[in-house]
Amino acid sequence: MSKFPEHIAIEKSHPTAVLDWHDRFGDRTLIVDGKQIVDVITLLRDSFGYNMLVDLTAVDYFPRRPRFEVVYHFLNVDSHARLRVKVQLEESHPHIASIISLYPIADWLEREAWDMFGIKFDGHTNMKRLLLYESFEGHPLRKDYPKTKRQPLIGPQN
Amino acid sequence: MSELIQSPMMDMSRSLSGQVVTTKFDKILGWARKYSLFQYPFVTACCGMEYMATACSHYDIDRFGAAFARFSPRQADVIWVVGTISHKIAPVLKTIYDQTADPKWVVSFGACASCGGPYDNYATVQGIDTIIPVDVYIAGCPPRPEAVLDGLLKLQDLIQNQKHDW
Ligand code: SF4
């Protein structure tokens, strides 16, 4: 495995940004420092033509530390190149900068990650639940949310 | 006996009213109602494809007098709850049920509507009968159109033989 061009370019301008990387089965992945995520993604978009944010989601690796990962999938629509960027977040108050200013589509994706995992996106102006109702307590895709704990609006409780 | 001779007509109408005539009227009403079912399809998930297959020309639900889908509960007789009901949509389903004009029936279409189906999780209502009364349950994930038609026939049986308000 050799470093791919995106990695080398990021290292040149932001030497501490890339924490780890791999290229298994052609899935090129960068694990990036959360504080520099906006800079890194700006560079990927402007210099490498990653003009489409295919998905933005999160993973809970409980009880691993750091517990959460935010995952970005990018596609260069012209060259069909794909790149995955991951950021690891700590359990207490997980938060990361929003990338709405770069990809407007991130609006709902970030709200979904907040809804399901309780990850805050700083700079998002409308950080509220996307799928669940406002009275729902907790974030159901966290591993420590009981699988069948229901919060019905009407009808019998659980 | 002497009373009967005194006023036979009055007594006969009294003994018949509320029994023979009423029962027959119920049957006629049941017969009329079971063949003119306007449906409200409350379609939320994949089962909807089988509902559409049943409604369209190949299986042709019109043969059973239940072709007319109305998307207003005020004009519907049967609510078909087709698909997964989440806790978020549950109050809407209840409102739709309350808005439907009497007489009304509810068919629970598929595993999800009947018991939550494969989704035993935070989001899914474990059977719509926890929210509204259900007349017929159709099993399957999703049910084949034949099963849907069988469910419709069972509902028609039920309507034919039940007591009716008018
Ligand atoms: S019963 Fe099966 S087919 Fe029907 S809505 Fe549920 S998951 Fe989909």
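In what follows, every chain begins at residue 1, and chains take the letters A, B, ... in the order their sequences are listed.
In this structure, B:K88 contributes its side chain and A:L131 its backbone to a donor-acceptor pair below 3.5 Å.
By the neighbour-count criterion of 12 heavy atoms within 6.0 Å, atom CZ of A:R65 is sparsely surrounded, having that number or fewer from other residues, nucleotides or ligands. Dense packing is recorded around NZ of A:K86, with more than 12 heavy atoms of other residues, nucleotides or ligands lying under 6.0 Å away. Few gaps surround CE on A:M127; more than 12 heavy atoms of other groups in view lie less than 6.0 Å from it. Within a 6.0 Å sphere centred on CG of A:D122, other residues, nucleotides and ligands contribute more than 12 heavy atoms.
In this structure, CD1 in B:I89 is found 12.0 Å from OH in A:Y133, a value given to the nearest 0.5 Å. The CZ atom of A:R150 sits 7.5 Å away from atom OG1 of B:T124, with the distance rounded to the nearest 0.5 Å. Atom CD1 of A:I154 and atom NZ of B:K94 lie 6.5 Å apart (nearest 0.5 Å). Between the OH atom in B:Y122 and the CG atom in A:L132 there is a gap of 5.5 Å [rounded to 0.5 Å].
When hydrophobic clusters are built by joining Ile, Leu, Val, Met, Phe, Trp and Tyr residues whose side-chain heavy atoms come closer than 4.5 Å, directly or via intermediates, B:L149 is grouped together with B:L153.
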